[in-house]
> 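Shown below is the structure under consideration.
When reading the values below, keep in mind they use all heavy atoms of this one structure, side chains included, and skip hydrogens, waters and symmetry mates.
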Amino acid sequence: ITTVTSLGHSFTATELKAIQKELPHSCWVIDGGAGAHCSNRREYFREINDARITGIIVGNGEVTPVLGAGNNTLRNKGDHAAERPVFELNDVQYVPGLHVNLISVKQFDKQGLYTITGGGRLFVISRTGNVLITGTLRQAPGLPDDLYVLDGEPVIYTGAISTPVL
């Protein structure tokens with residue numbers, strides 16, 4: 001078990017304040033610096049198991065505890081929820097102390113997936129060329145200039161228990 005992993009980015013106090021102001025707690029950021037997928041909401045997990053790490057170093061240098069790990073299901077943006085493709089995000093760390101949820105580009109690369117950016121858009125592509133999820137560059141005063149936000153939402157599990165089972 002790794003004790004602590006880093007999320008990779010260091011943010012200035014101004015950038016951290018802008019992130020907290022501009023991005024809602026439920027937001028999913030597709031992050032090239034994150035070492036792990038992380039979610040701050042228990043209801044995004046069907047079940048939670050023991051985590052492979054005990055804490056993460058966040059953008060301000062502090063260590064935030066990891067309370068468990070599991071999978072999250074993400075649904076791409078579209079008009080009809082039942083028709084939108086879903087993508088299973090594996091080995092997501094449950095970190096209630098994070099302001100936003102993080103999708104790790106590094107983890108995608110380790111899985112053999114491709115990330116392509118251009119024109120303010122980000123695409124995660126399978127080995128067979130299928131678009132799995134997409135993101136849009138989020139720009140606002142004070143925000144870092146490389147934050148891509150997921151075009152879609154997680155599946156919420158209404159039967160999820162409110163505390164992790166460790």
> In terms of the angle between their ring planes, are His37 and Phe108 parallel, tilted or perpendicular, with boundaries placed at 30° and 60°?
tilted

> When the ring centroid of Trp28 is compared with that of Tyr44, is the distance short of 6.0 Å?
yes

> Below 4.5 Å, heavy atoms only, C-beta onward: do Leu113 and Ile125 meet side chain to side chain?
no

> Atom CG in Leu67, atom CG in Asp50: separation rounded to 0.5 Å?
11.5 Å

> Mind checking whether Gln93 and Ile53 have side chains closer than 4.5 Å, heavy atoms only?
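Heavy-atom side-chain distance check passes, below 4.5 Å.
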
> Using 0.5 Å steps for rounding, measure from the CD atom of Glu43 to the OH atom of Tyr157.
12.0 Å

> Restricting to non-hydrogen atoms, name the atom on Gly68 and the atom on Ile48 that form the minimum distance, rounded to 0.1 Å.
CA-CG2, 3.6 Å

> Heavy-atom distance under 4.5 Å between the side chains of Val95 and Asn40, does that happen here?
no

> Of the non-hydrogen atoms in Ser104 and Ala34, which two are nearest, and what is the gap between them?
OG-O, 2.7 Å

> Check whether any side-chain heavy atom of Ser26 sits under 4.5 Å from a side-chain heavy atom of Arg41, and report yes or no.
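Heavy-atom side-chain distance check passes, below 4.5 Å.
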
> With the side chain counted from C-beta on, respond yes when Phe87 and Thr73 share a heavy-atom pair under 4.5 Å apart, and no when they do not.
no

> Going from CG on Leu89 to CD on Gln111, what distance comes out if it is rounded to the nearest 0.5 angstrom?
7.5 Å

> Is there a side-chain contact between Cys38 and Tyr94, using heavy atoms and a 4.5 Å cut-off?
no

> List the residues meeting salt bridge (charged side-chain N to carboxylate O under 4.0 Å, His left out) with Asp91, not counting sequence neighbours, and say none if there are none.
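Arg52.
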
> Scan side-chain atoms only and decide if Ser126 and Tyr114 contain a donor-acceptor pair under the 3.5 Å cut-off.
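No donor-acceptor contact under 3.5 Å links the two side chains.
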
> Working to the nearest 0.5 angstrom, can you tell me the gap between Leu150 CG and Arg75 CZ?
12.0 Å

> Looking at side-chain heavy atoms only, is the closest gap between Phe45 and Asn72 below 4.5 Å?
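When only atoms from C-beta onward are counted, Asn72 and Phe45 do touch, with a gap below 4.5 Å.
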
> Measure the spacing between CG of Leu23 and CG of Leu147 and express it to the nearest 0.5 Å.
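Answer for the CG-CG pair, Leu23 versus Leu147, is 6.5 Å.
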
> Looking only at heavy atoms, what is the nearest atom pair of Lys106 and Gly32, with distance?
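Nearest pair, atom of Lys106 first, then Gly32: CE-O, 3.5 Å.
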
> Is there a donor-acceptor contact under 3.5 Å from the side chain of Glu153 to the main chain of Leu74?
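Not at all, since once roles are kept as given, no pair shorter than 3.5 Å links the two residues.
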
> First locate atom CD1 of Ile30, then atom CG of Leu122, and finally report the distance between them rounded to the nearest 0.5 Å.
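Here the rounded value is 4.5 Å.
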
> Taking only residues two or more places apart in sequence or in another chain, which ones pass side chain to side chain contact (heavy atoms under 4.5 Å, CB included) with Asp151?
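If we apply the side chain to side chain contact (heavy atoms under 4.5 Å, CB included) test to Asp151, skipping adjacent residues, the hits are Lys77, Arg121, Thr134, Thr136.
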
